[in-house]
Engineer: 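Dumping the structure here so I can ask a few things about it.
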Amino acid sequence: MKKRIFSGAQPTGQLHIGNYLGALKNWVALQDEYEAFYCIVNLHAITLPQDPSTLRKATLDLARIYLAAGVDPEKSTIFIQSDVAEHAELTWILSCISRMGELERMTQFKDKGKGNTERAGVGLFTYPVLMASDILLYQTDLVPVGQDQKQHLELSRDLAERFNRDFGETFKVPEPYIPKAGASIKSLQDPEKKMSKSDENLNGSIFLLDDPDTVTKKIKRAVTDSGTTIEFDESRPAISNLLSIYQILTENTAEECVAHFEGKGYGHFKTELAEVVVEFLRPFQDRVREFDDETLLSILKPGAEKARSIAADTLRKVYERMGIVG
Ligand code: ATP
Ligand code: LTN
């Protein structure tokens with residue numbers, strides 16, 4: 001029996017190269033070895049205000065991105081979170097065993113709630129419990145995510161262990177899979193911050209659907225540190241970030257990249273990096289255009305059926321163990 005993986009992304013804003021390098025690229029790489037479930041987490045999206053028609057469109061567009069990135073529906077199950085009602089149901093159950101204190105410690109809540117807990121939505125607060133439900137419903141072994149999700153993963157593990165201890169062995173305790181390179185791609189405008197869909201400064205992110213001109217301009221404008229050499233150096237986060245994007249996309253070792261740019265300046269490096277990114281995005285963007293809505297639905301609907309059968313099994317066990325009987 002293959003081990004199982006589960007992951008998801010939110011249909012909010014445009015996906016950027018950080019989402020690809022930190023998450024999607026690994027989803028594709030892992031789908032041969034594992035039984036994979038990749039979810040479009042639209043219920044997570046509404047933890048911040050969304051325009052309904054934009055959300056509806058973004059949900060299908062994200063399915064297109066998964067497929068264009070190389071998630072293969074013959075190998076992996078792709079589905080929309082809201083099509084499997086068990087995610088919302090288990091969230092209620094797990095909320096009842098979650099503690100205010102542990103959710104208050106979640107840094108994403110602090111960041112996205114902008115420190116104003118009075119005004120922050122309750123959904124934003126309980127967001128990690130919904131994420132734990134996503135994962136635990138499928139008896140997941142491994143969760144490929146970027147570094148920013150590590151804390152949420154730990155909560156999922158804690159909730160699984162707590163439930164198992166209090167009600168008997170029910171959930172598999174999932175492990176995170178965080179890539180060594182690409183786990184946290186930084187903003188091109190501020191290497192202290194991660195590249196983010198919700199960044200107001202659009203020049204900080206290279207979006208997967210950016211045209212070649214825009215990509216080149218953004219890379220040319222990317223901030224650099226003092227110094228002139230092209231090397232990985234913790235004290236020079238801006239160049240290290242650009243170099244890791246180059247490294248992952250060219251699939252070279254760090255040493256090979258540094259040797260390649262020895263004696264070259266920032267201008268030369270940025271030109272080459274822009275070419276590499278543009279050449280990576282070109283075929284990706286062609287593939288995005290290949291999937292019409294009908295094709296997408298013919299993948300997503302059976303995906304949800306398959307997901308639901310597994311999710312329902314787990315939820316039934318949960319109800320039985322807790323004494324909630326129909
Ligand atoms: P953002 O902060 O960009 O708005 P998010 O984390 O809210 O993104 P998702 O679309 O749900 O949005 O994220 C999908 C995946 O991309 C997650 O596994 C997340 O860890 C990963 N990810 C997000 N930003 C980065 C980044 N800058 N570098 C590496 N991985 C990232
Ligand atoms: N919180 C994640 C998205 C997400 C997720 C999941 C990732 C929701 N449910 C389950 C892995 C497994 C984020 O990237 N913002």
Side-chain angles (χ1 to χ4, degrees), residues 4-27 30 36-48 50 58-59 61-63 65-66 69 71 79-82 84 87-88 90-91 94 106-109 111-112 123-124 126-138 140-157 159-160 174-202 204-208 237 241 244-245 248 307 311:
R4 208 171 266 166
I5 53 182
F6 185 99
S7 200
Q10 302 189 71
T12 50
Q14 284 207 51
L15 255 72
H16 48 69
I17 201 157
N19 297 125
Y20 177 78
L21 299 175
L24 276 161
K25 187 173 191 287
N26 299 310
W27 299 6
L30 293 165
F37 289 79
Y38 297 129
C39 187
I40 295 155
V41 294
N42 56 347
L43 298 176
H44 276 99
I46 57 168
T47 54
L48 290 174
Q50 304 295 333
T59 303
D61 285 345
L62 187 53
I65 299 268
Y66 287 9
V71 175
F79 71 103
I80 300 173
Q81 189 183 32
S82 60
V84 182
H87 290 243
L90 182 62
T91 301
L94 294 181
M106 297 288 134
T107 56
Q108 183 175 293
F109 172 67
D111 295 344
K112 296 205 173 178
L124 192 63
T126 56
Y127 174 115
V129 184
L130 177 58
M131 177 162 163
S133 302
D134 296 341
I135 297 167
L136 301 182
L137 275 174
Y138 298 93
T140 302
D141 295 282
L142 201 67
V143 185
V145 281
Q147 177 68 28
D148 60 321
Q149 297 301 315
K150 187 163 187 271
Q151 196 186 28
H152 289 161
L153 242 298
E154 271 154 22
L155 178 82
S156 302
R157 290 171 55 86
L159 293 179
E175 297 287 337
Y177 178 98
I178 298 174
K180 278 199 193 74
S184 187
I185 299 294
K186 306 300 182 192
S187 159
L188 302 188
Q189 291 296 315
D190 178 358
E192 300 299 322
K193 289 198 314 201
K194 73 161 196 145
M195 190 178 281
S196 166
K197 290 193 235 165
S198 33
D199 192 342
E200 280 152 23
N201 187 349
L202 298 181
S205 309
I206 298 172
F207 297 109
L208 295 176
N241 184 47
S244 36
I245 298 175
I248 310 169

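Start at 1 and go down the list; that is how both ligands and their atoms are numbered. Note that this is a predicted model, so its numbers are computed, not measured. One-based numbering along the sequence shown.
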Engineer: Would one find an N or O of Gln149, backbone or side chain, under 3.5 Å from an N or O of ligand 2?
Structural biologist: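 The answer is yes, given that Gln149 and ligand 2 share an N or O pair closer than 3.5 Å.
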
Engineer: Below 3.5 angstrom, do we get any N/O pair linking Leu15 and ligand 1?
Structural biologist: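 In this structure, Leu15 places no N or O atom under 3.5 Å from an N or O of ligand 1.
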
Engineer: Of the backbone atoms (N, CA, C, O) and the side-chain heavy atoms from C-beta on, which set of Val145 has a member under 4.0 Å from an atom of ligand 2: side chain, backbone, both, or neither?
Structural biologist: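 Near ligand 2, Val145 shows its side chain, while the N, CA, C and O stay back.
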
Engineer: If you count the atoms of ligand 2 from 1 in the order shown, which ones are under 4.0 Å from a heavy atom of Val41?
Structural biologist: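 Answer, ordered by atom number: 8 (C), 9 (N).
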
Engineer: Does the ring center of Phe37 lie less than 6.0 Å from the ring center of Phe6?
Structural biologist: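 No, the ring of Phe37 stays outside the 6.0 Å limit from the ring of Phe6, centre to centre.
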
Engineer: Quick one: which ligand 2 atoms are inside 4.0 Å of a heavy atom on Ile135?
Structural biologist: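 Going through ligand 2 atom by atom, the ones under 4.0 Å from Ile135 are 10 (C), 12 (C).
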
Engineer: Please could you name the atoms of ligand 1 that Val145 approaches to less than 4.0 Å, counting only its heavy atoms?
Structural biologist: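 Answer, ordered by atom number: 18 (O).
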
Engineer: Taking the non-hydrogen atoms of Gln108, is any one of them nearer than 4.0 angstrom to ligand 1?
Structural biologist: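 Not so, Gln108 does not reach ligand 1.
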
Engineer: What's the separation between atom CD in Gln151 and atom CZ in Phe109, rounded to the nearest 0.5 Å?
Structural biologist: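 So the gap between those two atoms works out to 12.5 Å.
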
Engineer: Using heavy atoms and a threshold below 4.0 Å, how should the contact between Ser7 and ligand 1 be classified: side chain, backbone, both, or neither?
Structural biologist: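 Looking at Ser7 and ligand 1, no heavy atom falls under 4.0 Å.
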
Engineer: Decide whether Asn42 and Thr59 meet the rule of one side-chain donor and one side-chain acceptor closer than 3.5 Å.
Structural biologist: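 Looking only at side-chain atoms, Thr59 and Asn42 do not form any donor-acceptor pair under 3.5 Å.
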
Engineer: Show which atoms of ligand 2 fall inside a sub-4.0 Å distance from at least one heavy-atom site of Gln10.
Structural biologist: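 It comes down to these atoms of ligand 2: 15 (N).
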
Engineer: Output the list of atoms in ligand 2 that are nearer than 4.0 Å to some heavy atom of Val143, sorted by atom number.
Structural biologist: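 That gives atoms 11 (C), 12 (C) of ligand 2.
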
